[in-house]
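A short write-up of the structure that comes next.
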Amino acid sequence: MITIINRLNYSTMKLLKKFFLIFFVFATGMSMPSAFGQAVEEGNIIIDVTYGFPNLFTSILKATYIDGTNIQEEVNISSLGPVGLKFEYMVSDKLGVGAEVNHAATGISYLENGYSYEIKNPRTRIMARIQYHFIDNDKVDAYIGGGAGYKLAKSSFTSTDPDFSDQDIAGLPVAFRIGGGMRYFFTDNLGLNLELGLGGGGLVAAGIAAKF
């Protein structure tokens with residue numbers, strides 16, 4: 001199990017480095033000042049609805065119970081998210097503060113020695129965020145930043161085996177995220193969002209951005 005997780009973490013870091021390189025190359029190319037103003041400015045409120053990937057806990061379970069040596073019978077894996085909602089208020093043309101809520105869930109069921117086993121792992125994170133915006137462009141808004149807050153996570157293990165004791169294990173109640181993102185506004189108030197980061201919310205999160 002530890003070997004599988006280490007391999008997954010190594011592959012994840014390689015993928016993340018490539019994404020960040022692409023992001024910053026593109027951001028640098030788009031960072032020329034525009035004569036038509038800024039995409040976001042002081043007083044703006046921005047709301048993002050995102051879906052992140054990969055779901056790392058789902059990837060670990062899949063690697064363990066399907067692709068690894070611990071292969072079980074009739075394995076079914078379900079996965080959700082991370083689904084996120086972000087709120088940001090621009091306190092200046094370059095600095096924004098806000099909050100983020102995201103939720104992810106993973107479930108697996110399988111048969112072993114005639115008994116069924118099920119693992120469920122829902123995770124909800126609530127974080128305060130701060131972001132620095134470094135592109136002055138009428139269509140593109142690029143930022144770096146992060147956040148920290150509270151995580152509600154609990155893994156439950158259940159089975160039809162009479163000798164198995166059902167278990168609930170609470171995760172660490174701490175959530176964090178650091179990274180960078182970019183919004184492209186195709187109208188004055190509506191755009192697309194792409195964010196790359198570490199922590200709760202997925203290595204890559206993309207969705208819709210609305211500006212007021």
Side-chain angles (χ1 to χ4, degrees), residues 1-19 48-87 99-129 146-179 193-208:
M1 178 68 172
I2 294 176
T3 301
I4 293 172
I5 294 175
N6 287 338
R7 289 178 180 175
L8 179 63
N9 288 338
Y10 177 74
S11 299
T12 297
M13 290 305 298
K14 288 181 64 178
L15 179 63
L16 188 62
K17 288 178 181 178
K18 291 181 181 179
F19 270 118
D48 298 300
V49 180
T50 63
Y51 196 94
F53 55 92
N55 187 320
L56 290 180
F57 195 79
T58 299
S59 299
I60 291 172
L61 288 183
K62 183 177 182 295
T64 303
Y65 289 92
I66 295 181
D67 302 330
T69 57
N70 188 23
I71 300 175
Q72 306 294 340
E73 305 173 50
E74 297 186 22
V75 177
N76 293 297
I77 294 180
S78 61
S79 182
L80 173 67
V83 180
L85 178 65
K86 296 187 292 183
F87 168 87
E100 175 180 3
V101 178
N102 65 64
H103 177 77
T106 300
I108 181 172
S109 62
Y110 61 91
L111 295 178
E112 185 175 1
N113 299 324
Y115 297 108
S116 64
Y117 292 82
E118 186 175 28
I119 303 171
K120 293 182 179 179
N121 179 251
R123 292 95 66 197
T124 301
R125 301 173 179 88
I126 304 172
M127 296 178 284
R129 290 179 60 113
Y150 177 75
K151 179 176 73 172
L152 176 63
K154 182 175 71 173
S155 296
S156 62
F157 300 80
T158 59
S159 174
T160 58
D161 184 349
D163 295 325
F164 182 87
S165 298
D166 293 348
Q167 303 175 40
D168 289 330
I169 301 176
L172 291 174
V174 177
F176 76 94
R177 183 169 179 80
I178 57 173
N193 183 330
L194 175 67
E195 181 173 298
L196 314 177
L198 289 173
L203 296 177
V204 182
I208 299 296

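Scope of the values below: all heavy atoms of this structure, side chains included, with no hydrogens, waters or symmetry mates.
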Gap separating the CD atom of Glu118 from the CG atom of Asn76, nearest 0.5 angstrom: 10.0 Å
Residues passing the side-chain contact (heavy atoms from CB on, under 4.5 Å) test with Ile169, sequence neighbours excluded, are Phe157, Gln167
Any idea which heavy atoms bring Met127 and Gly149 closest together, and the distance? CG-N, 3.8 Å
Which atom pair, heavy atoms only, marks the closest approach of Arg123 to Ala153? CG-CB, 3.7 Å
side-chain hydrogen bond (donor to acceptor under 3.5 Å, both in side chains) with Ser155: which residues, sequence neighbours excluded? Asn121
What's the shortest heavy-atom distance between Gly84 and Asn102, and which atoms? CA-CB, 3.8 Å
Sorted by first residue and then second, give each salt bridge (charged side-chain N to carboxylate O under 4.0 Å, His left out) pair with at least one member in residues 195-206; sequence neighbours left out. Lys86-Glu195, Arg129-Glu195, Arg177-Glu195
Give the minimum heavy-atom separation between Gly201 and Pro82, together with the two atoms involved. C-CG, 3.6 Å
Would you please name every residue forming a side-chain contact (heavy atoms from CB on, under 4.5 Å) with Tyr150, sequence neighbours left out? Leu152, Pro173
Let me confirm one number: the CG-CG distance from Asn55 to Leu203, rounded to the nearest 0.5 Å. 10.5 Å
Donor-acceptor contact present, side-chain Tyr51 to main-chain Gly81, <3.5 Å: yes
If the condition is side-chain contact (heavy atoms from CB on, under 4.5 Å), which residues does Tyr117 pass it with, not counting sequence neighbours? Tyr110, Glu112, Tyr115, Ser159, Asp161, Phe164
Would you please name every residue forming a side-chain contact (heavy atoms from CB on, under 4.5 Å) with Lys154, sequence neighbours left out? Asp168
